[in-house]
Engineer: 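One structure, as structure tokens, below. Some questions next.
For the numbers below, each heavy atom of this structure counts, side chains included, while hydrogens, waters and symmetry mates do not.
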Amino acid sequence: MLSDRVFCSFDMDGDQIINFNDFAEYIDIWRHGTPMEKALISFRMIDIKKRGFFSDKDFKDFMIEFLRSWSAITNAQISTVLLIEQTKF
């Protein structure tokens, strides 16, 4: 789920808990961080298995979760064909 991915990004110390320090650090990076720091927290949204890399499937799973969430939030109609195309390897 997209919420799990967002959680992984916020959990800066990896202890499976988002405390105030995790939250403040995340917000600080988005406001004042370097491009590399911002890229790292974005990377963590896709690398939820914490392997230091992500596969084509990991990225496609992220995109499907993102598109489904975007559709639900905006009431946008996302074609089933588009979602099926995203899952092809």
Engineer: Evaluate whether atom CZ of Phe43 has more than 12 neighbouring non-hydrogen atoms of other residues, nucleotides or ligands under 6.0 angstrom away.
Structural biologist: yes
Engineer: Sequence neighbours left out, what pairs pass side chain to side chain donor-acceptor pair (under 3.5 Å) with at least one residue falling in residues 9-23?
Structural biologist: none
Engineer: In this structure, would Leu40 and Ile46 fall into the same cluster of hydrophobic residues linked by side-chain contacts under 4.5 Å?
Structural biologist: no
Engineer: Checking Arg44 now: which residues fulfil side-chain hydrogen bond (donor to acceptor under 3.5 Å, both in side chains) with it, not counting sequence neighbours?
Structural biologist: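 Residues passing side-chain hydrogen bond (donor to acceptor under 3.5 Å, both in side chains) with Arg44: none at all.
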Engineer: Can you find a heavy atom in the side chain of Ile29 that is under 4.5 Å from one in the side chain of Met12?
Structural biologist: yes
Engineer: Indicate every side-chain donor-acceptor pair of residues 47-55 with a distance under 3.5 Å to a residue at least two apart or in another chain.
Structural biologist:
from  : atom 1 : to    : atom 2 : distance (Å)
Asp47 : OD1    : Lys50 : N      : 3.3
Asp47 : OD1    : Arg51 : N      : 3.0
Asp47 : OD2    : Arg51 : N      : 3.3
Asp47 : OD2    : Gly52 : N      : 2.8
Arg51 : NH2    : Asp58 : OD2    : 2.2
Ser55 : OG     : Lys57 : N      : 3.3
Ser55 : OG     : Asp58 : N      : 3.1
Ser55 : OG     : Asp58 : OD2    : 3.2

Engineer: Mind listing the side-chain donor-acceptor pairs of residues 31-39 below 3.5 Å, one per line with the distance, residues two or more places apart or on another chain?
Structural biologist:
from  : atom 1 : to    : atom 2 : distance (Å)
Thr34 : OG1    : Met36 : N      : 3.4
Thr34 : OG1    : Glu37 : N      : 3.1
Glu37 : OE1    : Thr34 : N      : 2.8

Engineer: What's the separation between atom CD1 in Ile64 and atom CG in Leu2, rounded to the nearest 0.5 Å?
Structural biologist: 12.5 Å
Engineer: Going by ring-ring contact (aromatic ring centres under 6.0 Å, His included), name the residues that satisfy it together with Phe7, two or more places apart in sequence or in a different chain.
Structural biologist: none
Engineer: Excluding sequence neighbours, so at least two apart, what forms side-chain contact (heavy atoms from CB on, under 4.5 Å) with Thr74?
Structural biologist: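 Scan of Thr74 (side-chain contact (heavy atoms from CB on, under 4.5 Å), adjacent residues dropped) gives Trp70, Ala76.
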Engineer: Would you name the heavy atoms of Ile41 and Trp30 that are closest together and state the gap between them?
Structural biologist: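 For Ile41 versus Trp30, the nearest heavy atoms are CD1-NE1, 3.0 Å.
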